[in-house]
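Heads up, the thing below is written out as structure tokens.
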Amino acid sequence: MRLFNQSKLIHGLLCLLLSFSASAHIKIQSKLENEQGWQNRNAVMLPSGDVVDLRVEAPEGAQIKWFQIIPDTSQYYKNANHPWEPKPYQWSGFGKIHYQKKHLEQFDDKQHITVSPAWLKHNNVFNSPYYQSDAGSFWFEVEVIDKDGRKLKSVGLNNNDHRGLNKRVLRVSFTQGDGYLGILSSFFNVPAIFGSVPYQSQHYLGVDCADVLMAANAIKRNGKVYDRNVAWLVTNLRHKAKLVEFSGESTRLRWGKDISPGDFIAVRYRKNGQFAHIGALNKDSNRNGILDGEDSVMHAGPNALSYATLQEAGFLGEVVILDNQN
């Protein structure tokens, strides 16, 4: 009898282990409009005008639940002390990122769903000024419960660690526009983490003002993500122009001749201090042909990546325009 009970126990443990193993391998497949078959991949990037189909293989009669995992971009996160804190720039440990897991009830029991910016915008219930519903990155998880009650999950929210979500959580990234700025827009909805590390920026887990620019560059050039801060970029990239004191008023710098969309703009607030913030010039918003405070920039920190005017974003002080060679 004891041997029989032990055998049952071992069998139960093996089933439990197999269940955990299976839950780690259930996969959300994806397919773009121009693809013939379903793909197993952790991330897909596409223009905001396109759609992507997602699918999970499930036994007949199984319950299927789809979820969207949404980082809370309304909060400040940090791995290092902010410049205004005691011991500025000192490592303080990985900041814990908060997420919301939203059950997409309209997709219940569907093996195949379609995701588009139009649907994401209609489905937006997350109240944050830094959540972009029609562009940027979006994460998905699926849960399958068969007729015997066995539950299988894709890699999801429970698989995050001290750096953020597991890189195998399915990410769908929609881009606004072409070229470098289009790739940069795929980082909307990624939490801003002061002092982020290359692993976080490379896998869209968290970025700071310099790291998001470098991560987009690496994607564009199929290269490696390096750990670069604002001071390094100002020192090592070619200077296209410099303004000793930019107050937001019209300058001598002309769009299309002296500066271009995608160029980096860095600012130093205190004389003899270091350059403290950086972003990517986006466009001549008021179409006067001259750089001024009303023109648009894409920047991250201390909040998530967003569009703002140069004046709103705080690019007032000593400014240098850097050639991004995009």
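Excluded from the calculations below are hydrogen atoms, water molecules and symmetry mates; all remaining heavy atoms, backbone and side chain alike, are included. Computed from a predicted model, the values in this text were never measured in an experiment.
- The backbone N or O of Gln29 sits nowhere less than 3.5 Å from a side-chain atom of Asn40 that would complete a donor-acceptor pair.
- A donor atom on one side chain and an acceptor atom on the other are found under 3.5 Å apart for Arg171 and Ser173.
- The side-chain heavy atoms of Leu104 and Phe67, taken from C-beta on, include no pair separated by under 4.5 Å.
- Judged as a ring-ring contact (aromatic ring centres under 6.0 Å, His included), the pairs with a partner in residues 150-169 (not counting sequence neighbours) are, in order, Phe94-His162.
- Here the side chain of Tyr99 pairs no donor or acceptor atom with the backbone of Asn160 at under 3.5 angstrom.
- In the model, Ser296 has a side-chain atom that pairs as donor or acceptor with a side-chain atom of Asn282 under 3.5 Å.
- The closest side-chain heavy-atom distance from Asn79 to Gln200 is below 4.5 Å.
- Checking Asn42 against Lys27 by side-chain atom types alone, a donor-acceptor pair falls below 3.5 Å.
- In this structure, Lys283 places its NZ atom where only 12 or fewer heavy-atom neighbours from other residues, nucleotides or ligands lie under 6.0 Å away.
- Lys110 NZ: 12 or fewer foreign heavy atoms inside a 6.0 Å radius.
- Ring pair Trp119/Phe107: centre-to-centre distance below 6.0 Å.
- Between Pro191 and Ile97, the closest heavy-atom pair is CG-CG2, 3.8 Å.
- Side-chain contact check for Ser186 and Tyr204: at least one donor-acceptor pair (N or O, by modelled atom type) lies under 3.5 Å.
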side-chain contact (heavy atoms from CB on, under 4.5 Å) between Leu305 and Val207, intermediate numbers included: CA-CA 9 Å; Leu305 183 71; Val207 293; 5.6 Å; no
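- Contact of the Leu281 side chain with the Phe264 side chain is not registered, since no non-hydrogen atoms from C-beta on lie closer than 4.5 Å.
- Hydrophobic clustering (ILVMFWY, side-chain heavy atoms < 4.5 Å, transitive): Met214 and Met45 are in one cluster.
- Contact record, Ser30 with Leu54: CB-CD2, 3.9 Å, taken as the closest heavy-atom pair.
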Worked verdict on Phe275 versus Trp232 for ring-ring contact (aromatic ring centres under 6.0 Å, His included): CA-CA 10 Å; Phe275 281 85; Trp232 189 95; over 10 Å; no
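- Counting non-hydrogen atoms of neighbouring residues, nucleotides and ligands closer than 6.0 angstrom, the CG atom of Asn236 exceeds 12 such neighbours.
- Taking 4.5 Å as the limit, every side-chain heavy atom of Asp292 sits out of range of all side-chain heavy atoms of Glu249.
- Between the side chains of Asp211 and Ser196, at least one donor N or O sits under 3.5 Å from an acceptor N or O.
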Verdict with supporting geometry, Trp66 and Asp108, side chain to side chain donor-acceptor pair (under 3.5 Å): CA-CA 7 Å; Trp66 292 88; Asp108 278 356; over 6 Å; no
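- Phe194 and Pro83 get closest at one heavy-atom pair: CZ-CD, 3.7 Å.
- The pair Lys240-Asp263 meets the salt-bridge criterion, since a charged nitrogen lies less than 4.0 angstrom from a carboxylate oxygen.
- The backbone N or O of Val234 lies less than 3.5 Å from a partner atom in the side chain of His239, making a donor-acceptor pair.
- Nearest heavy atoms, Ala280 versus Tyr180: CB-CE2, 4.4 Å.
- Residues Asp295 and Thr309 are not in side-chain contact: their nearest non-hydrogen atoms beyond the backbone lie 4.5 Å or more apart.
- For Lys242, the NZ atom is loosely surrounded, since the number of other residues' heavy atoms within 6.0 Å does not exceed 12.
- Side-chain contact between Ile265 and Leu322: absent, with no pair of heavy atoms (C-beta onward) separated by less than 4.5 Å.
- A donor and an acceptor atom, one from each side chain of Tyr307 and Gln176, are located under 3.5 Å apart.
- Side chain of Glu85 to backbone of His82: a donor-acceptor contact under 3.5 angstrom is found.
- Taking the six-membered ring where the residue is Trp, His98 and Tyr77 present tilted rings, their angle falling between 30° and 60°.
- Cys209 SG to His299 NE2: the interatomic distance, rounded to the nearest 0.5 Å, is 9.5 Å.
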Stepwise side-chain contact (heavy atoms from CB on, under 4.5 Å) check, Val52 with Thr114: CA-CA 6 Å; Val52 59; Thr114 299; over 6 Å; no
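- A donor-acceptor contact shorter than 3.5 Å is absent between the side chain of Asp284 and the backbone of Trp255.
- Although no hydrogens or angles enter the test, the distance criterion places a donor-acceptor pair under 3.5 Å between the side chain of Asp146 and the main chain of Arg150.
- Taking a cutoff of 4.0 Å between a charged side-chain nitrogen and a carboxylate oxygen, Arg41 and Glu35 qualify as a salt bridge.
- From Ile290, atom CD1 reaches atom CG of Leu253 across 8.0 Å, with rounding to the nearest 0.5 Å.
- Using modelled atom types and a 3.5 Å distance limit, the side chains of Asn158 and Glu141 yield no donor-acceptor pair.
- In this structure, the side chains of Leu46 and Thr175 stay at 4.5 Å or more apart for every pair of heavy atoms.
- Glu57 meets the salt bridge (Lys or Arg N to Asp or Glu O under 4.0 Å) test with Arg55; sequence neighbours excluded.
- Summarising the geometry of Trp38 relative to Asp53, their closest heavy-atom pair is CZ3-O, 3.4 Å, with the distance given to 0.1 Å.
- Residues Glu294 and Asn286 have side chains that bring a donor and an acceptor to within less than 3.5 angstrom of each other.
- Put simply, the side chain of Ser260 never gets that close to the backbone of Gly256: no donor and acceptor are under 3.5 Å apart.
- Looking only at distances, no side-chain donor or acceptor of Asp208 sits under 3.5 Å from a matching main-chain atom of Ala300.
- The minimum heavy-atom distance between Phe140 and Leu120, with the atom names listed, is CZ-CD2, 4.4 Å.
- Using modelled atom types and a 3.5 Å distance limit, the side chains of Asn324 and Asn217 yield a donor-acceptor pair.
- Counting only heavy atoms from C-beta outward, the side chains of Leu291 and Ile259 approach each other to under 4.5 Å.
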